[in-house]
Amino acid sequence: MILPQAFYERDTVSVAKKLLGCYLVHIENGKTAIGRIVETEAYVLNDPACHAFRGKTKRNSVLFGSAGHAYVYLIYGMYYCFNAVTGPEGTGQAVLVRALEPVDGIDLMRERRGSDELKLLCNGPGKLTQALAIDISFNGLPLFGGTIQIWSLESLPGFEIIGADNIVQTTRVGISQAKDKLLRFYLKDNVYISRK
DNA sequence: GTACTGATTTTCT
DNA sequence: GAAAATCAGTACC
C-alpha cells in the first residue's frame with residue numbers, strides 16, 4: 001500500500017523508524033526504480049541541525065508545508081538530498097532518507113550512477129537520489145500518489161515486520177550542530193547502509 | 001586499511 | 001567569505 005498522508009503527520013522520530021523497511025518508488029515513463037529504505041535521520045523541532053531551525057527561506061519553504069511531501073535540496077553544490085516532510089503543518093520537520101537497498105530497476109540505477117557495484121548504488125543520500133533520478137524538480141511533490149511514492153509491504157505475507165530489535169539508533173552523519181542527538185536509525189546488520 | 005582533497009552552489013554572517 | 005544533512009579519487013601507511 002502507498003503510505004497515506006496521515007502516516008507522515010505523526011511525530012518525526014516515529015516516522016523515521018517506521019520508514020525503515022518501506023520502499024521508495026520512482027516511476028518515470030514506464031521505467032521503475034525501487035529501493036528498500038535501510039537508513040534514515042530525523043530532523044526535529046528546535047533542532048539546530050534542521051534547515052527549518054533558523055526560519056523559513058526560499059530553499060526550505062517546503063519543510064513548512066504539509067506532511068508527506070518531498071523536501072529535496074542541493075548539498076555541497078553537487079548532490080541532492082531527499083527528505084519526507086513530517087509532523088503537524090508549519091512545524092518544519094522532516095526525515096532524511098540516507099540509504100536504500102536496491103530492489104528493482106537495478107540496471108537503470110547502474111546506468112545513472114555509472115557504477116556496477118550493487119552495494120554502492122544507493123548507500124548514501126547523494127547516491128540514492130542519483131540512482132532514482134531525484135533532483136530539485138521533485139521538491140514539494142506529494143509522496144502519496146505522484147511519480148515518487150513510498151510503499152509499505154508489511155501487511156503482505158513474506159515481508160518482514162521491522163521491530164525495535166532490528167533498529168540501531170545512533171548519531172547523525174555530516175552535521176556539526178547537535179552532534180550528540182541520537183536521531184539516526186538504520187537496519188541492524190544491513191550491508192546497504194552508508195556507514196556504521 | 002585510513003586521511004585528505006577537489007568539485008560546486010545556496011545560504012547566512 | 002565561510003560553511004554546508006556529500007562523494008570519488010588519490011596518497012600514504
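Throughout, a chain's letter reflects where its sequence line sits, starting with A, and its residues are numbered from 1.
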5′-ward residue of the pair A:L128/A:G77 relative to DNA chain C =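 Taking each residue's closest nucleotide, the earlier one in sequence belongs to A:G77.
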
inquiry  = Counting only side-chain nitrogens and oxygens, does A:R113 get under 4.0 Å of the OP1 or OP2 atom of C:dC7?
reply    =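 Answer is no, no contact under 4.0 Å.
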
message = Is the base of C:dA5 stacked against the aromatic ring of A:Y43, taking ring centres under 5.5 Å apart and planes under 30° as the test?
response =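 Stacked: ring centres under 5.5 Å, planes under 30°.
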
request  = Take atom CZ of A:R195 as the centre, draw a 6.0 Å sphere, and report whether it contains more than 12 heavy atoms from other residues, nucleotides or ligands.
outcome  =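 Open: at most 12 neighbouring heavy atoms sit under 6.0 Å from CZ of A:R195.
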
query = If we only count heavy atoms from C-beta on, is the A:I150 to A:I37 side-chain gap below 4.5 Å?
reply =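 SC-SC contact between A:I150 and A:I37 confirmed.
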
request  = Ignoring hydrogens and angles, state whether a donor on the side chain of A:K127 or A:N123 is under 3.5 Å from an acceptor on the partner side chain.
outcome  =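 Yes, side-chain donor-acceptor contact under 3.5 Å.
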
In whole Å, what is the span from the [atom1] atom of [X] to the [atom2] atom of [N]?
| X | N | atom1 | atom2 | value |
| --- | --- | --- | --- | --- |
| A:Y76 | B:dA7 | OH | C1' | 13 Å |
| A:M78 | B:dT8 | CE | P | 6 Å |
| A:K58 | B:dC12 | NZ | C1' | 15 Å |
| A:N83 | C:dA5 | CG | C1' | 8 Å |
| A:I134 | C:dT6 | CD1 | C1' | 16 Å |
| A:Q130 | C:dC7 | CD | P | 9 Å |
| A:I75 | C:dA2 | CD1 | P | 18 Å |
| A:R54 | B:dC12 | CZ | C1' | 9 Å |

message = Applying a 4.0 Å non-hydrogen cut-off, can you work out what A:L96 is touching in the nucleic acid: base, sugar-phosphate, or nothing?
response =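 Since a base atom lies under 4.0 Å of A:L96, the category is base.
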
Answer yes or no: is there a donor N or O on one side and an acceptor on the other, between the side chain of [X] and the main chain of [Y], under 3.5 Å?
| X | Y | value |
| --- | --- | --- |
| A:N60 | A:T57 | yes |
| A:R184 | A:E41 | no |
| A:Q5 | A:A67 | yes |

inquiry  = Output the pairing pattern of DNA chain B as a dot-bracket string, 5' first, Watson-Crick or G-U wobble with both distances under 3.5 Å, | for cross-strand pairs, [ ] for crossing pairs.
reply    = |||||||.||||.

task = Step by step, work out the side-chain contact (heavy atoms from CB on, under 4.5 Å) result for A:F7 and A:L19.
result = CA-CA 10 Å; A:F7 171 87; A:L19 280 177; 3.6 Å; yes

query = Is A:E160 paired with A:R36 through a side-chain N to carboxylate O contact shorter than 4.0 Å?
reply =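 Answer for the salt bridge query: yes.
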
N-O pairing of A:E28 and A:R112 below 4.0 Å =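 Yes, charged N to carboxylate O under 4.0 Å.
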
DNA chain C contacts among residues 167-196 of chain A, heavy-atom distance under 4.0 Å =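 Contacting residues: A:V173, A:G174, A:I175, A:S176.
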
query = The side chain of A:K127 lies closest to which of these nucleotides: C:dC7, B:dT11, C:dT6?
reply =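 From the listed options, C:dC7 comes nearest.
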
query = Taking the same atom, C1', in B:dT10 and in C:dA8, what whole-Å distance lies between them?
reply =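 Roughly 22 Å separates the two C1' atoms.
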
